[in-house]
Amino acid sequence: MPSLLLGAAVLGLISGLCAGYQIQAGREPTKLPPLSQPRLEQAAGEASAPLPVARDRKVETDGDLRRLLLKKPDGARAAGFVGEDGWMSLAQLAETYNNPAGGYGWLLEAEFRRAAAVAWIEGGTRSVEVRLLQFRQEEVLGARDEAEDSYGWAGRDSDAESWAIPGTGDGKAYTYRMPRTRDGVKVYQARAHAWRGDVSVQVWINDTKPVPKKAIMDLAKRQMERL
C-alpha cells in the first residue's frame, strides 16, 4: 500500500510538470529589454568656451619651462654655473645639495620631473641664480614638499632674517647678516623659496656686501608673477 501511494505521488508530480511546460510553450515569448541605452539628448545652447591659454597654468608649465624664468637684466652678463642651455639635470641639481647622494634620492622620491635655471652677474660683484623645479605630483606634492624643506634649511641659521612673499601663501625670503665663505671669498647671501602648482621656485643672491631685503623680495615677487 505505501508503495502504491508513493508511485501515485510521483506520477502526479510528473503530470504537473508536463502540464506546466505545455502551458508555457503555448504562450507568446516575453520580449527582452534592449541591450543599448536610450539616446541621451544634448543640452541646448552653446558649449562653454575653453579656458584661455593665458589663464590655463597647466598649458604654461607643460610648455618650455625656461620661458617662465626671469630674464637677464640689461647690462648684466650671463653666468656659467647653471645647466646646459638653461636646463638642469637631476644629477646637476643634486650636486647643489650639501649631500648630493641624499639630495638625489630625495628628488626621486619627490617625483622630480625637470628643472630650468638662469643666472647672471650684475654690478661686478653680485651673482643671481633663479631655478624652477617641476614635479610630476602623481603620489606626492613634490613642489610643496621641496619648498617646505627649503624653509627649514634657510631659516635654521641664527643670523637669518625672513619675510613672507606677498601672494605666495607660505613663500619666504631670507637675508643673512654674516658672510659665508665660498671658494675662499667671503660673500653675503639672500635666498627665497616658494611654490605654485607643480613648480617650486628658488632664488639666490650672493654679493661681497650685505644684500638688502628689497633686492631679494623684488626678484622673488617678479618670478612668482611669471607663474
Side-chain angles (χ1 to χ4, degrees), residues 53-54 57-98 100 103-104 107 110 112-137 142-144 146-147 149-151 153-154 163 165-168 171-176 180 182-183 185 187-209 211-227:
V53 172
R57 284 197 61 262
K58 195 66 175 173
V59 172
E60 288 288 326
T61 58
D62 277 350
D64 189 340
L65 197 61
R66 297 170 299 178
R67 297 181 61 182
L68 299 180
L69 285 163
L70 284 172
K71 304 303 180 185
K72 177 175 67 67
D74 293 338
R77 65 183 189 275
F81 48 80
V82 295
E84 182 179 355
D85 198 24
W87 295 109
M88 292 186 75
S89 67
L90 174 59
Q92 289 171 327
L93 187 60
E95 285 296 323
T96 66
Y97 284 69
N98 291 331
Y104 191 96
L107 287 166
F112 172 80
R113 177 182 174 187
R114 57 181 180 168
V118 63
W120 64 82
I121 298 174
E122 58 186 41
T125 61
R126 177 175 294 180
S127 66
V128 177
E129 182 176 1
V130 182
R131 303 175 193 156
L132 301 181
L133 281 60
Q134 190 171 34
F135 297 82
R136 293 186 179 86
Q137 303 207 144
R144 181 204 63 185
E146 194 284 325
D149 188 64
S150 295
Y151 302 154
W153 283 99
W163 299 272
I165 303 173
T168 64
K172 294 181 181 179
Y174 303 82
T175 62
Y176 300 88
R180 271 70 172 159
R182 294 188 58 182
D183 300 325
V185 179
V187 296
Y188 291 86
Q189 189 179 84
R191 58 196 289 187
H193 298 276
W195 66 284
R196 181 164 292 157
D198 58 355
V199 176
S200 68
V201 175
Q202 300 177 351
V203 181
W204 307 79
I205 300 179
N206 291 288
D207 204 341
T208 55
K209 53 184 177 292
V211 180
K213 168 189 173 182
K214 183 180 184 303
I216 187 65
M217 288 288 283
D218 178 63
L219 280 175
K221 287 191 292 184
R222 288 195 291 117
Q223 179 56 73
M224 292 304 296
E225 288 170 358
R226 296 181 67 88
L227 297 178

Considering all heavy atoms of both residues, which atom of [X] and which atom of [Y] are nearest to each other, and what is their separation?
X      : Y      : answer
Pro73  : Trp120 : CD-CE2, 3.3 Å
Ser200 : Ala143 : CB-O, 3.7 Å
Pro100 : Glu95  : CB-OE2, 3.9 Å
Ala76  : Glu122 : CB-CB, 4.1 Å
Arg114 : Gly63  : NH2-O, 2.8 Å

Discussion item. Please evaluate residues Glu146 and Arg144 with respect to the criterion salt bridge (charged side-chain N to carboxylate O under 4.0 Å, His left out), reporting the C-alpha separation (whole Å), side-chain torsions for both, the decisive distance (0.1 Å), and the verdict.
Written reply: CA-CA 5 Å; Glu146 194 284 325; Arg144 181 204 63 185; over 6 Å; no
Main-chain N/O of [Y] paired to [X] side chain as donor or acceptor, under 3.5 Å:
X      : Y      : result
Lys213 : Met217 : no
Arg66  : Val118 : no
Gln223 : Ala220 : no

Discussion item. Between Asp198 and Gln134, is there a side-chain donor-acceptor contact under 3.5 Å, judged purely by atom types and distance?
Written reply: yes
Discussion item. Under 3.5 Å, is there a donor on one side chain and an acceptor on the other for Arg180 and Gln189?
Written reply: no
What's the spacing between [X] [atom1] and [Y] [atom2] if we round to 0.5 Å?
X      : Y      : atom1 : atom2 : answer
Met88  : Phe112 : CE    : CZ    : 8.5 Å
Leu132 : Leu68  : CG    : CG    : 6.5 Å
Tyr176 : Asn206 : OH    : CG    : 10.5 Å
Leu70  : Leu219 : CG    : CG    : 6.5 Å
Ser127 : Ile121 : OG    : CD1   : 6.5 Å
Tyr97  : Leu107 : OH    : CG    : 4.0 Å

What I'd like to find out is whether the side chain of [X] reaches to under 4.5 Å of the side chain of [Y], using heavy atoms alone.
X      : Y      : value
Tyr104 : Leu90  : yes
Leu227 : Val201 : yes
Asp64  : Arg67  : yes

Item to complete: For atom CZ of Arg182, decide whether the heavy atoms of other residues, nucleotides or ligands shown that lie under 6.0 angstrom number more than 12.
Response: no
Item to complete: Kindly indicate, with the supporting measurements, whether the criterion side chain to side chain contact (heavy atoms under 4.5 Å, CB included) is fulfilled by Trp204 and His193.
Response: CA-CA 9 Å; Trp204 307 79; His193 298 276; 4.2 Å; yes
Worksheet item: What residue among Lys214, Arg222, Lys221 forms salt bridge (charged side-chain N to carboxylate O under 4.0 Å, His left out) with Asp218?
Response: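 The option that passes is Arg222.
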Practice prompt. Quick one: do Trp87 and Leu65 satisfy side chain to side chain contact (heavy atoms under 4.5 Å, CB included)? Show the steps, please.
Written response: CA-CA 9 Å; Trp87 295 109; Leu65 197 61; 4.0 Å; yes
Worksheet item: Can Ile165 and Trp163 be said to form a side chain to side chain contact (heavy atoms under 4.5 Å, CB included), step by step?
Response: CA-CA 6 Å; Ile165 303 173; Trp163 299 272; over 6 Å; no
Worksheet item: How far apart are the C-alpha atoms of Gln202 and Val130, what are their side-chain angles, what is the distance that settles it, and do they pass the side chain to side chain contact (heavy atoms under 4.5 Å, CB included) test?
Response: CA-CA 6 Å; Gln202 300 177 351; Val130 182; over 6 Å; no
Worksheet item: How would you list, by chain and number, every residue that makes a side chain to side chain donor-acceptor pair (under 3.5 Å) with Arg126, sequence neighbours excluded?
Response: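 Arg126 satisfies side chain to side chain donor-acceptor pair (under 3.5 Å) with Asp207 only.
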